[in-house]
Amino acid sequence: MTTRITIAKGDGIGPEIMDATLAVLAAAGAEIVYDEIEVGEKVYLSGNTAGISKESWDVIRRNKIFLKAPITTPQGGGYKSLNVSTRKFLGLYANIRPCRSLSPYVNTKHPIMDVVIVRENEEDLYAGIEHQQTDEVVQCLKLISRPGCEKIIRYAFEYAQVNGRKKVTCFTKDNIMKQTDGLFHQVFDEIAAEYPHIENEHWIIDIGAAKLADTPEMFDVIVMPNLYGDVLSDVAAQIAGSVGLAGSANIGEECAMFEAIHGSAPRRAGQNMANPSGLLQGAILMLQHIGQIQIAEKIQNAWLRTIEDGIHTYDIFKEGVSNQKVGTKEFADAIIARLNEKPQQLAAVSYPSNAVLKLPKYKRKPLKEKQLVGVDLFVHWPGTDAAELAEILQSLVSSELALEMITNRGIKVYPDGFSETFCTDHWRCRFKPTGPEFTKNHIVQLYQNAINVEIDVIKLEQLYTFDGKLGYSLGQGQ
Ligand code: NAD
């Protein structure tokens with residue numbers, strides 16, 4: 001069955017690598033027709049800061065499958081990254097990047113590497129909610145949701161199951177971020193229990209990243225929150241051989257976008273030099289996603305054979321290993337000439353016939369019992385002695401509330417602070433109720449009292465328990 005997709009040729013090397021990719025798809029018999037839209041630099045510079053028109057959005061939403069070449073995001077000027085907004089507008093929550101080494105044909109320190117990074121794509125610090133709160137302190141909100149965790153972690157296990165992978169590893173920093181990364185890890189443990197035949201493990205991200213860079217052969221599928229996944233998927237692609245060889249899939253419940261992981265490489269544009277492999281890998285992931293499994297396999301095996309035959313673009317060309325340095329178009333022609341061949345030395349691929357993952361929709365859980373148990377008042381205060389601030393604040397509280405502690409950048413400075421601790425002008429002051437009668441009205445009163453004595457409250461954060469479990473972190477040193 002023919003699938004109608006949307007394509008965008010993008011900027012820089014985009015048009016060349018897209019033409020090469022489409023030529024391979026056509027020669028392999030991919031059953032697709034496409035609508036082409038304009039996105040990127042030209043659209044930005046015409047005054048559209050989003051880089052895409054409403055009509056183009058309509059085409060993407062109608063066709064649901066989008067193959068996108070890299071685009072140039074102009075620096076500054078309020079331009080928004082179209083990549084980030086496309087992922088979020090279309091709910092493309094899963095970013096999948098297979099990173100496999102092609103030793104000895106492509107130079108790598110890790111000849112045995114076949115890792116798939118599954119990156120959460122919509123939340124975490126990428127919510128982009130940032131505020132300057134005091135002269136000295138800005139903040140960025142890290143948002144992690146249970147639906148976000150469940151969707152991406154289930155995706156990772158389903159992916160592993162369907163693709164015959166043996167292990168799913170989770171990377172977080174939940175020894176420090178016990179609420180946000182703690183939730184990701186907890187959901188990982190819950191979902192892992194539903195897949196007892198797949199091995200699972202959790203690593204703290206710092207040592208996990210070091211192991212990934214040193215011994216990638218230890219890993220199979222790795223699932224991570226957004227920021228860690230962004231960084232480590234580039235690391236994984238680079239140590240496998242080159243970021244120029246990797247493609248990625250961005251998958252949502254309705255739509256999906258496929259692309260190369262590299263950018264528009266403007267300096268290489270228009271010279272028939274660029275390696276089209278990254279976008280071609282994106283297209284192979286797309287073919288699997290739309291159920292054209294045999295075509296995907298055929299192209300991947302022909303590509304592996306081309307690499308193995310030493311027909312290389314400049315970026316992976318190496319004297320003694322490569323046989324022929326070719327341009328973008330000639331590389332595509334070499335793949336086309338091998339469409340009925342398989343690699344002889346590298347392992348040929350054979351994709352599962354049911355590679356299209358069908359995940360259940362997230363179901364909201366029953367509400368937990370939520371209890372208000374205190375408040376953090378964030379204060380912009382230019383002083384340096386926390387005891388002095390504590391004295392002012394204590395004069396503000398009614399008998400229902402007591403000042404429990406003050407922290408500065410998370411470290412407890414009152415009571416019993418250290419004189420050595422460096423303090424900024426940003427203070428978090430935690431109040432706890434003295435009895436059971438505590439309500440939000442007491443918080444409003446506290447806020448009003450602070451305003452009356454010109455204490456600059458910059459924000460309030462209510463403290464809750466959920467089914468009796470603490471819904472906030474303690475101060476460091478508390
Ligand atoms: P880049 O990935 O475009 O280029 C980095 C280096 O890799 C360059 O030296 C280039 O020569 C080389 N390279 C990249 N792809 C190659 C290929 N296919 N074949 C051969 N060599 C290749 O990164 P950059 O220079 O930081 O970014 C350029 C532009 O691309 C920026 O405007 C950036 O915003 C954008 N960008 C877009 C995407 C996307 O559309 N998904 C992703 C990253 C960067």
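Whatever order the structure lists them in is the order used to number ligands and atoms, beginning at 1.
The shortest contact between atom 22 (C) of ligand 1 and any protein heavy atom is with Y314 OH, 4.0 Å. Protein heavy atom in closest approach to atom 16 (C) of ligand 1: I13 CD1, 4.0 Å. Of all protein heavy atoms, the one closest to atom 18 (N) of ligand 1 is N275 O, 2.8 Å. Closest to atom 9 (O) of ligand 1, if we only count protein heavy atoms, is R267 NH2, 4.0 Å.
Relative ring orientation between H289 and F258 is described as tilted, the plane-to-plane angle lying within the 30° to 60° band. Relative ring orientation between H185 and H202 is described as parallel, the plane-to-plane angle staying below 30° on a 0-90° scale split at 30° and 60°.
Close approach to A274 involves these atoms of ligand 1, each under 4.0 Å from a residue heavy atom: 19 (N). Of all atoms in ligand 1, listed by their number and element, those nearer than 4.0 Å to a heavy atom of E259 are 41 (N).
Between T73 and ligand 1, a contact under 3.5 Å exists for at least one N or O pair. At a 3.5 angstrom cut-off on N or O pairs, T72 does not count as close to ligand 1. Distances between N or O atoms of I71 and those of ligand 1 include at least one value under 3.5 Å.
Between Y195 and F157, the ring center distance clears the sub-6.0 Å criterion.
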Return all side-chain donor-acceptor pairs below 3.5 angstrom for residues 210-220, not counting sequence neighbours, or 'none' if the list is empty.
{"unit_1": "T215", "atom_1": "OG1", "unit_2": "K211", "atom_2": "O", "d": "3.1"}
{"unit_1": "D220", "atom_1": "OD1", "unit_2": "R165", "atom_2": "NH1", "d": "2.9"}
{"unit_1": "D220", "atom_1": "OD2", "unit_2": "K166", "atom_2": "N", "d": "2.7"}
{"unit_1": "D220", "atom_1": "OD2", "unit_2": "K167", "atom_2": "N", "d": "3.3"}

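For the pair N250 (side chain) and N95 (backbone), a donor-acceptor distance under 3.5 Å is absent.
Contact check on K88 versus E122 returns no salt bridge, with no Lys/Arg side-chain nitrogen under 4.0 Å from an Asp/Glu carboxylate oxygen. Looking at R62 and D58, no side-chain N of the basic residue comes within less than 4.0 Å of a carboxylate O on the acidic one, giving no salt bridge. A salt bridge is defined here as a Lys NZ or Arg NE, NH1 or NH2 lying under 4.0 Å from an Asp or Glu carboxylate O, and K329 with D19 fails to meet this definition.
With a 4.0 Å heavy-atom cut-off, ligand 1 is reached by no atom of M273. Within the 4.0 Å heavy-atom criterion, neither part of D11 lies near ligand 1. Using a 4.0 Å cut-off between heavy atoms, P266 contacts ligand 1 through its side chain alone, with no backbone atom that close. Only side-chain heavy atoms of R268 come within less than 4.0 Å of ligand 1; its backbone N, CA, C and O stay farther off.
In this structure, atom 38 (C) of ligand 1 has protein heavy atoms in its sub-4.0 angstrom surroundings. Less than 4.0 angstrom separates atom 26 (O) of ligand 1 from none of the non-hydrogen atoms of the protein. Protein heavy atoms all stay at least 4.0 Å away from atom 6 (C) of ligand 1. The presence of a protein heavy atom under 4.0 Å from atom 32 (O) of ligand 1 is confirmed. Checking atom 44 (C) of ligand 1 against the protein gives a heavy-atom contact under 4.0 Å.
With sequence neighbours left out, N175 forms a side chain to side chain donor-acceptor pair (under 3.5 Å) with no residue at all.
Contact between E254 and K64 at its shortest, heavy atoms only, is O-CD, 3.5 Å. Residues I96 and L285 share a closest heavy-atom pair of O-CD1, 4.3 Å.
For the ligand labelled ligand 1, residue G244 lies outside the 4.0 Å heavy-atom shell.
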Show, in sequence, the C-alpha distance, side-chain angles and deciding distance for R154 and E194, and conclude whether the salt bridge (Lys or Arg N to Asp or Glu O under 4.0 Å) test is met. CA-CA 9 Å; R154 191 172 295 288; E194 296 178 33; 2.9 Å; yes
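Nearest to atom 10 (C) of ligand 1 by heavy-atom distance, out of S248, A265, G263, is A265.
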